[in-house]
*Asks:* 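There's a structure below that I have some questions on.
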Amino acid sequence: MAVEIIEALLKIGFNFDLVLADSLYGESPTFIAVLSKHKKHYLLAIRSNFGMEVHFEQFKINYSTIYILESNQTLVSRFC
């Protein structure tokens, strides 16, 4: 449903720079593909045990600190 909403909003000229979504959409290849197709920035949640394959040679990586909010509401910093 979110894909259809995004497509409809863009069709009527509604513009947005960033999409935020929970893990239901963060783990959806179709949803991510639509955002990428329209060159939209996104921040998507994924489950802590979600498996994925990343080919790092495809990306330019900037090393930085990310912050993760654990389920017990503790903020943990990780470096990548």
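One is the number of the first residue; the rest follow in order along the sequence. Since the structure is predicted, the reported quantities are computational estimates derived from the model, not experimental observations.
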*Asks:* Nearest 0.5 Å, what's the CZ-NE2 distance between Phe16 and His41?
*Replies:*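 Here the interatomic distance stands at 12.0 Å.
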
*Asks:* Quick one: do Leu43 and Ile32 end up in the same hydrophobic cluster if we chain Ile, Leu, Val, Met, Phe, Trp and Tyr together by side-chain heavy atoms under 4.5 Å apart?
*Replies:*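 No, Leu43 and Ile32 fall in different hydrophobic clusters.
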
*Asks:* Please report the interatomic distance CG(Leu35) to OG1(Thr30), rounded to the nearest 0.5 Å.
*Replies:*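 Leu35 atom CG to Thr30 atom OG1 measures 11.0 Å (nearest 0.5 Å).
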
*Asks:* Can you name the residues that form a side-chain hydrogen bond (donor to acceptor under 3.5 Å, both in side chains) with Asn15, not counting sequence neighbours?
*Replies:*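 Listed in chain order: Lys40.
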
*Asks:* For residues 18-29, which side-chain N or O atoms pair as donor and acceptor with protein atoms under 3.5 Å away, sequence neighbours left out?
*Replies:*
residue: Asp22; atom: OD1; partner: Leu24; partner atom: N; Å: 3.1
residue: Glu27; atom: OE1; partner: Arg47; partner atom: NE; Å: 3.0
residue: Glu27; atom: OE1; partner: Arg47; partner atom: NH2; Å: 3.0
residue: Glu27; atom: OE2; partner: Arg47; partner atom: N; Å: 2.9
residue: Glu27; atom: OE2; partner: Arg47; partner atom: NE; Å: 3.0
residue: Ser28; atom: OG; partner: Phe31; partner atom: N; Å: 3.2

*Asks:* With Lys37, which residues qualify under side-chain hydrogen bond (donor to acceptor under 3.5 Å, both in side chains), at least two apart?
*Replies:*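 Partners of Lys37 by the side-chain hydrogen bond (donor to acceptor under 3.5 Å, both in side chains) criterion, ordered by chain and then number, come out as Glu7.
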
*Asks:* Hydrophobic clustering (ILVMFWY, side-chain heavy atoms < 4.5 Å, transitive) - are Ile46 and Val3 grouped together?
*Replies:*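 As far as the 4.5 Å side-chain criterion goes, Ile46 and Val3 are not connected within one cluster.
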
